[in-house]
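Since the structure comes first, as structure tokens, the remarks are kept for the end.
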There are 2 protein chains.
Amino acid sequence: MKNMIGIKQASKLSETSPDTIRYYEKVGIIAPIKRDKNGFRQFSERDIRRIKFMRHMRTAGLNISSLLEYANLIQQGDQTKDERVTFLKEQRDQLQKQLTITQSAIDQLNYKIDHYDEHMSDAKHLI
Amino acid sequence: MKNMIGIKQASKLSETSPDTIRYYEKVGIIAPIKRDKNGFRQFSERDIRRIKFMRHMRTAGLNISSLLEYANLIQQGDQTKDERVTFLKEQRDQLQKQLTITQSAIDQLNYKIDHYDEHMSDAKHLI
DNA sequence: ACTTGTATTAGAGTGCACACCAAGGTATAT
DNA sequence: ATATACCTTGGTGTGCACTCTAATACAAGT
């Protein structure tokens with residue numbers, strides 16, 4: 001059959017290992033994937049997008065259980081729109097916080113880099 | 001004795017749990033802490049700064065083994081200055097990369113938040 | 001003398017997010 | 001018929017960074 005995407009291809013397209021894809025399906029952050037007559041997963045483009053999204057959010061630092069909450073809202077249908085948006089905002093705010101922390105760590109590293117000579121013997125800035 | 005800081009106080013000041021402080025000492029990302037006659041750790045302000053720095057870097061996403069490399073350079077003395085600076089730059093660059101990923105995740109969340117209504121039925125943007 | 005508070009150690013346990021493995025099924029090519 | 005390529009499942013293993021537990025010890029307060 002043409003246009004059928006196996007897990008190997010899906011893995012490449014979504015930049016997510018087959019094991020991870022199966023794991024995501026198992027824990028429920030992606031919806032169950034359609035199977036062919038042999039029980040093999042057949043991925044649609046939408047499936048790929050979902051996997052990519054989840055992978056992206058994971059890489060950024062969101063954890064599985066948070067993403068599961070969102071996946072559950074999606075599965076419950078359109079009447080959960082407000083909750084979904086609230087959720088997305090919460091996660092965004094959390095990432096924003098994380099970003100601030102990371103930025104301040106970068107700043108501290110830059111400070112050290114720029115002032116290393118003068119601070120070699122300066123207890124205030126040496127670690 | 002006045003001016004002696006026990007692990008509990010050190011924990012508060014550095015916002016790091018006593019267990020974590022002991023762990024950091026054990027793995028070597030902070031130097032061995034001075035002990036009093038009973039074997040209790042006595043933290044100096046510099047110790048506190050070191051712990052805070054390591055905690056900060058950990059929170060930002062650097063891993064223990066990277067920080068251990070740096071700690072080893074410090075322990076080897078001033079002649080490792082160039083290596084230290086190189087190291088700091090590497091870590092900064094890694095954090096910068098991570099920051100970019102986080103930012104793009106935030107962007108994607110914001111896009112979803114801003115366009116939720118119109119995309120409820122739009123397969124291109126729904127996950 | 002006893003309790004309370006603070007600390008020590010070695011080592012075991014935890015939680016997360018996968019990664020790996022064995023045993024097996026199916027389909028196509030040679 | 002046999003190799004190969006792809007997939008399935010259930011279960012086990014891994015690495016990281018803590019976190020907790022048990023057994024012990026000391027010092028000060030009542």
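Each chain gets a letter, A, B and so on, in the order its sequence line appears, and its residues count up from 1.
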Got a sec, which residues hit side chain to side chain donor-acceptor pair (under 3.5 Å) with [X], two or more places apart in sequence or on another chain?
X        : result
A/Ser44  : A/Asp47
A/Glu83  : none
A/Asn63  : A/Ser65, A/Ser66
A/Thr100 : none

- Message: Working to the nearest 0.5 angstrom, can you tell me the gap between B/Ile7 CD1 and B/Ile21 CD1?
- Response: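 With rounding to 0.5 Å, CD1 (B/Ile7) is 5.0 Å from CD1 (B/Ile21).
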
- Cation-pi between A/Lys112 and B/Phe53: NZ/CZ under 6.0 Å from ring centre and within 45° of the ring axis?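 Positive - A/Lys112 is close enough to the ring of B/Phe53 and near enough to its axis.
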
Please report the distance, rounded to the nearest Å, between [atom1] in [X] and [atom2] in [N].
X       : N      : atom1 : atom2 : answer
B/Tyr24 : D/dT19 : OH    : C1'   : 13 Å
A/Lys8  : D/dA5  : NZ    : C1'   : 8 Å
B/Ile29 : D/dA17 : CD1   : P     : 9 Å
B/Asn63 : D/dA17 : CG    : C1'   : 10 Å
B/Ile30 : D/dC18 : CD1   : P     : 12 Å
A/Tyr23 : D/dT14 : OH    : P     : 18 Å
B/Lys26 : D/dC16 : NZ    : P     : 15 Å
B/Met54 : D/dA17 : CE    : C1'   : 15 Å

Do the side chains of [X] and [Y] join up, straight or via other hydrophobic residues, at under 4.5 Å, putting them in one cluster?
X        : Y        : result
A/Tyr116 : A/Leu109 : yes
B/Ile101 : A/Leu99  : no
A/Phe43  : A/Ile74  : yes

- Donor on one side chain, acceptor on other, B/Gln103 and B/Asp107, under 3.5 Å: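 Their side chains do contain a donor-acceptor pair, which is all the 3.5 Å distance test asks for.
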
Is there a side-chain contact between [X] and the phosphate of [N], meaning an N or O under 4.0 Å from OP1 or OP2?
X       : N      : value
A/Arg41 : D/dC7  : no
B/Arg58 : D/dC18 : yes
B/Thr20 : D/dT19 : yes

- Query: Considering only heavy atoms, which members of residues 88-103 of chain B lie under 4.0 Å from some atom of DNA chain D?
  - Reply: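 Going residue by residue through residues 88-103 of chain B, none turns out to have a heavy atom under 4.0 Å of DNA chain D.
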
With a 3.5 Å cut-off and sequence neighbours excluded, list the donor-acceptor pairs that the side chains of residues 86-98 of chain B form with protein atoms.
residue : atom : partner  : partner atom : Å
B/Thr86 : OG1  : B/Asp82  : O            : 2.9
B/Arg92 : NH1  : A/Asn110 : OD1          : 2.8
B/Gln98 : NE2  : B/Ala60  : O            : 3.4

- Item | Pairwise salt bridge (Lys or Arg N to Asp or Glu O under 4.0 Å) hits with a residue in residues 16-29 of chain B, at least two apart |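 Those involving residues 16-29 of chain B are B/Asp19-B/Arg22, B/Glu25-B/Arg35, B/Glu25-B/Arg41.
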
- Message: Tell me which pairs pass salt bridge (Lys or Arg N to Asp or Glu O under 4.0 Å) where either residue lies in residues 52-69 of chain B, with sequence neighbours left out.
- Response: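 Found none.
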
- Which ring pair (Phe, Tyr, Trp, His ring centres under 6.0 Å) pairs, counting each pair once, include a residue from residues 8-37 of chain A, with sequence neighbours left out?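 Checked against ring pair (Phe, Tyr, Trp, His ring centres under 6.0 Å) - neighbours excluded - no pair reaches residues 8-37 of chain A.
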
- Heavy atoms of chain B, cut-off under 4.0 Å: which first and last nucleotide of DNA chain C, 5' to 3', fall inside that, if you could look?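 Both ends considered, the range comes out as C/dT6 to C/dT9.
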
- Query: B/Arg22 or A/Leu62: which one's nearest nucleotide on DNA chain C is closer to the 5' end?
  - Reply: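 This one resolves to B/Arg22.
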
- Item | End axis versus end axis in the helix from C/dA1-D/dT30 to C/dT30-D/dA1, the angle rounded to 10°, five pairs used at each terminus |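 About 20° separates the two local helix axes.
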
List, with names and distances, any nitrogen or oxygen atoms from the protein found under 3.5 Å away from nitrogen or oxygen atoms belonging to nucleotides 21-29 of chain D.
residue : atom : partner : partner atom : Å
D/dC26  : O3'  : B/Asn38 : OD1          : 3.4

